[in-house]
Amino acid sequence: MIHSEGAESVRSLIENIDPEAVQRTKQTKREGLKPLDNISTGVVLRFAPNPNGPLSIGHARGVVINHEYASMHDGKMVLRFDDTDTIVKPPMKDAYEWIIEDYEWLTGSKPDIVVRASERMPVYIRYAEEMIRKSAGYVCECSAEEFRALRVSKKACPHRGRSVEENIEAWGKMLDGRFSPGDAVVRVLTDMSLPNPALRDWPAWRIQHEAHPMVGNSYLAWPLLDFQSAIEDHEQGVTHIIRGKDLMDSTRKQKLLYDHLGWKYPETLYWGRVSIHGSGSFSTSEIRRGIESKMYSGWDDPRVPTLRSMRRRGFDPVALRSFWVDMGVTQKDVAVAMESIEASNAASIDSTSRRISLVSDPMSIAIQGELPREIVLPFHPDDEKAGTREISLASGTAIIEKEDLKNSFRLKGLANVESVGGIFEIGSVERDDDRPIIHWLSPDSSVTCELVMAIGDELNIMSCLVEDADLESGEVVQLERKGFARVEKWSPNSRKLLWLHR
RNA sequence: GCUCGUGUGGUGUAGUACGGUCCAUCAUUCCGGGUUUUCAUCCCGGCGACCCGGGUUCAAAUCCCGGCACGAGCACCA
């Protein structure tokens, strides 16, 4: 019957049995992050940066999502410094403190646990030995090139079958410096015939003789990320790992290690790559070079995509958090525009930003007619509590942007004006037509200031005129008709604004 | 080459585990209109999408197979 009658009759058939089954309900969008699975025993999440510089905008997602999940499930958050490489990405002593500051600014809270891998070396050494004694790992003396060839041909390396005693002996040589860098690595014993080449006897330890900024020359062999991270996640009781999908093979490698050690691997979520268009896309090391060569003034240079630069320009961490939470965790590679982040920020700060006028390319016009000695304007159109500022009109002139000059326009908050032979006559105080409204300044109530604007790799420093309002250093203001800027300095002899965004 | 992953409007996202409640959610951009003494804010309206092809089924964004596209890993970096 079903076959011949079609969907309609099936629908009515179902309707007779259970009317609710065919009721249509408007679908809704799930709000916030999708809850984690397997949370019955509580959650522990972690954010694990390399301390080779302060946090950049690229780290923000990792900080925000992990932190949000931890607080959403009343769990703990571990901030871990993965600093076991002293050569390729050498740690920077100051960065540890910077990252904690950046973390606290962005999340509004302190991490529950802070751990540096470099202070945990005894733990890693102990587990490496356990692994070797269990014949779950071995010391390999092949060169990188030799092993690469073995990996692709699925062949065992000559050191793979050594006895535990021989391995322990070689391991000791790695630790005490009888081996030189490159002479040997510790590998996790997996299976050379594994279909995924990345998993075949993957390297866990290598030799590095460089001094470490935190622990000096205490160690000559260091664990690689996959080993160190796996051990530390277990030690800290991490329940959920959220990482980039480029690290999927890391999960697989680490699971093989967990199998050797008899541990249960955490739940793992992945996200895709995010590229942010319109923000400088440079790496931490590139920024560092730019600072060293004096191209940038520091890690908070307005041109540089670090969190501290964004903080300095006036970004609101609450807006940043909601931006990343809204994006959620998907494995799609996404491209977002810096303008989107700015729009999110603008929405967040609009209601609290005081309004003032700034003129960057000034010209004076004479105004005449019935003028009050001063007018009072609100600092915010929708919020009386923001207070008011007084503008003196004693001089009978107004300063406007050159590009706003027309024969007829309205000086915002004052009156319509009309050019009569170059002199502007005051007209209606009421707004009674749709002539353009422009912002303006009075020479008696304005001061000069510096407006710093980052445009790509350029720093545009403009000398401007601005209202002499009583601004506070650090506050974010909206420049009428222009956009937002943060007050860097506001003292009688030096006023400096830093451009934020429209 | 081997391995893995992802494809929903311009952008981002919900829905996909249990096919019908989806002629597909929400936000933003864009377009039009309104409010407003800012090109800000706010309000209303509109445009706009399930990668392609087969299959299963009364019914597929959802399940299966095959393509295609894009991305990642195969470092003695993280």
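Below, chains carry the letters A, B, ... as their sequence lines are ordered, and counting in each starts from 1. Since we're looking at a predicted model, the values are computed, not measured. Just the heavy atoms: all of them, side chains too, but no hydrogens, waters or symmetry mates, feed the values below.
The pair Asp433(A)-Arg410(A) does not meet the salt-bridge criterion, since no charged nitrogen lies less than 4.0 angstrom from a carboxylate oxygen. The pair Arg206(A)-Asp85(A) meets the salt-bridge criterion, since a charged nitrogen lies less than 4.0 angstrom from a carboxylate oxygen. Salt bridge present: Arg435(A) and Glu418(A) bring a charged side-chain N and a carboxylate O closer than 4.0 Å. Note on Asp183(A) versus Arg178(A): no salt bridge recorded, every NZ/NE/NH1/NH2 to OD/OE distance being 4.0 Å or above.
Atom CZ of Arg435(A) and atom P of C39(B) are 15 Å apart (whole Å). Spacing between atom NE2 of His380(A) and atom P of A40(B) amounts to 14 Å, rounded to whole angstrom units. Atom CD in Glu467(A) sits about 12 Å away from atom C1' in U38(B), given to the nearest Å. Remark: P of C39(B) and CG of Leu358(A) are 17 Å apart, rounded to the nearest angstrom. Computed from coordinates, the His501(A) NE2 to C39(B) P distance equals 19 Å when rounded to whole Å. As a whole-Å value, the separation of Ile391(A) CD1 from U37(B) C1' is 14 Å. Atom CG in Asp404(A) sits roughly 11 Å away from atom C1' in U38(B) (whole-Å rounding). The distance from atom CD1 of Ile438(A) to atom P of A40(B) is 17 Å, rounded to the nearest whole Å.
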Under 3.5 Å between N/O atoms: give me all the protein pairs with nucleotides 76-78 of chain B, atom names plus distance.
unit_1 : atom_1 : unit_2    : atom_2 : d
C76(B) : N3     : Gly182(A) : O      : 3.3
C76(B) : N4     : Cys142(A) : O      : 3.0
C76(B) : N4     : Ala144(A) : N      : 3.1
C76(B) : N4     : Gly182(A) : O      : 3.1
C77(B) : OP2    : Arg206(A) : NE     : 2.5
C77(B) : OP2    : Arg206(A) : NH2    : 3.1
C77(B) : O3'    : Arg206(A) : NH2    : 3.4
C77(B) : O2'    : Asp85(A)  : OD2    : 3.3
C77(B) : O2     : Lys89(A)  : NZ     : 2.7
A78(B) : OP1    : Thr84(A)  : OG1    : 3.4
A78(B) : OP1    : Arg206(A) : NH2    : 3.0
A78(B) : OP2    : Leu225(A) : N      : 3.0
A78(B) : O3'    : Asp82(A)  : O      : 3.1

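Figure legend: Arg354(A) and Phe379(A) shown as a cation-pi pair, the cationic atom lying under 6.0 angstrom from the six-membered ring centre and within 45 degrees of its axis.
In this structure, Ala198(A) and Gln478(A) both approach RNA chain B, and ranking their closest nucleotides by distance from the 5' end singles out Gln478(A).
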Side chain to side chain contact (heavy atoms under 4.5 Å, CB included) between Met121(A) and Ser218(A), intermediate numbers included: CA-CA 10 Å; Met121(A) 287 295 280; Ser218(A) 311; over 6 Å; no

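With hydrogens and angles left out, the side chain of Glu339(A) and the base of U29(B) share no donor-acceptor pair within 3.5 Å.
Across all strands shown, Gly413(A) has heavy atoms under 4.0 Å from base atoms, whether or not it also approaches the sugar-phosphate. When heavy atoms are screened at a 4.0 angstrom cut-off, Val274(A) is found touching no nucleic acid atom at all.
Side-chain contact check for Ser428(A) and Glu430(A): no donor-acceptor pair (N or O, by modelled atom type) lies under 3.5 Å. Side-chain contact of Glu232(A) with Gln228(A): a donor-acceptor pair under 3.5 Å is absent, judged by distance alone. A donor-acceptor contact closer than 3.5 angstrom links the side chains of Tyr270(A) and Thr251(A). No side-chain donor from either of Tyr219(A) and Gln208(A) sits under 3.5 Å from a side-chain acceptor of the other.
One finds the CG atom of Leu358(A) at 6.5 Å from the CG atom of Leu497(A) (value rounded to the nearest 0.5 Å). Between Leu307(A) atom CG and His59(A) atom NE2 the span is 9.5 Å, to the nearest 0.5 Å.
Residues passing the salt bridge (charged side-chain N to carboxylate O under 4.0 Å, His left out) test with Lys93(A): none are found, sequence neighbours excluded.
As the counterpart of U25(B), no nucleotide is assigned, since no Watson-Crick or G-U wobble pattern has both distances under 3.5 Å. Across every strand in view, U3(B) sits in a pair with A72(B) that passes the Watson-Crick or G-U test at under 3.5 angstrom. Nucleotide A49(B) forms a pair with no other nucleotide shown, judged by Watson-Crick or G-U wobble geometry with both contacts under 3.5 Å. A17(B) is unpaired under the criterion used here, namely a Watson-Crick or G-U wobble arrangement in which both key atom distances are under 3.5 Å. Checking U57(B) for Watson-Crick or G-U wobble geometry (two distances, each under 3.5 Å) identifies no partner in any strand. Remark: C77(B) base-pairs with no nucleotide; criterion is Watson-Crick or G-U wobble with both hydrogen-bond distances under 3.5 Å.
Side-chain proximity of Ile437(A) to the nucleotides U37(B), G71(B), C39(B) is greatest for U37(B).
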For nucleotides 31-36 of chain B, just jot down a letter per nucleotide in 5' to 3' order: B, S or -, based on protein non-hydrogen atoms under 4.0 Å. ------

Can you build the contact string for nucleotides 1-12 of chain B? Use B for base contact, S for sugar-phosphate-only contact, and - for no protein heavy atom under 4.0 Å. -BSSSSSB--SS

When you check every protein heavy atom under 4.0 Å of nucleotides 41-47 of chain B, what one-letter string (B, S, -) results, 5' to 3'? S------

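For G9(B) and U25(B), the P atoms lie 14 Å apart once the distance is rounded to whole Å.
Here the two rings, on Tyr103(A) and Phe47(A), have centers that are 6.0 Å apart or farther.
The glycosidic torsion of A59(B) lies more than 90° away from 0, which places this base in the anti conformation.
Within the structure, the ring-ring contact (aromatic ring centres under 6.0 Å, His included) test picks out the following pairs touching residues 187-206 of chain A (sequence neighbours left out): Trp171(A)-Trp205(A), Trp205(A)-Phe227(A).
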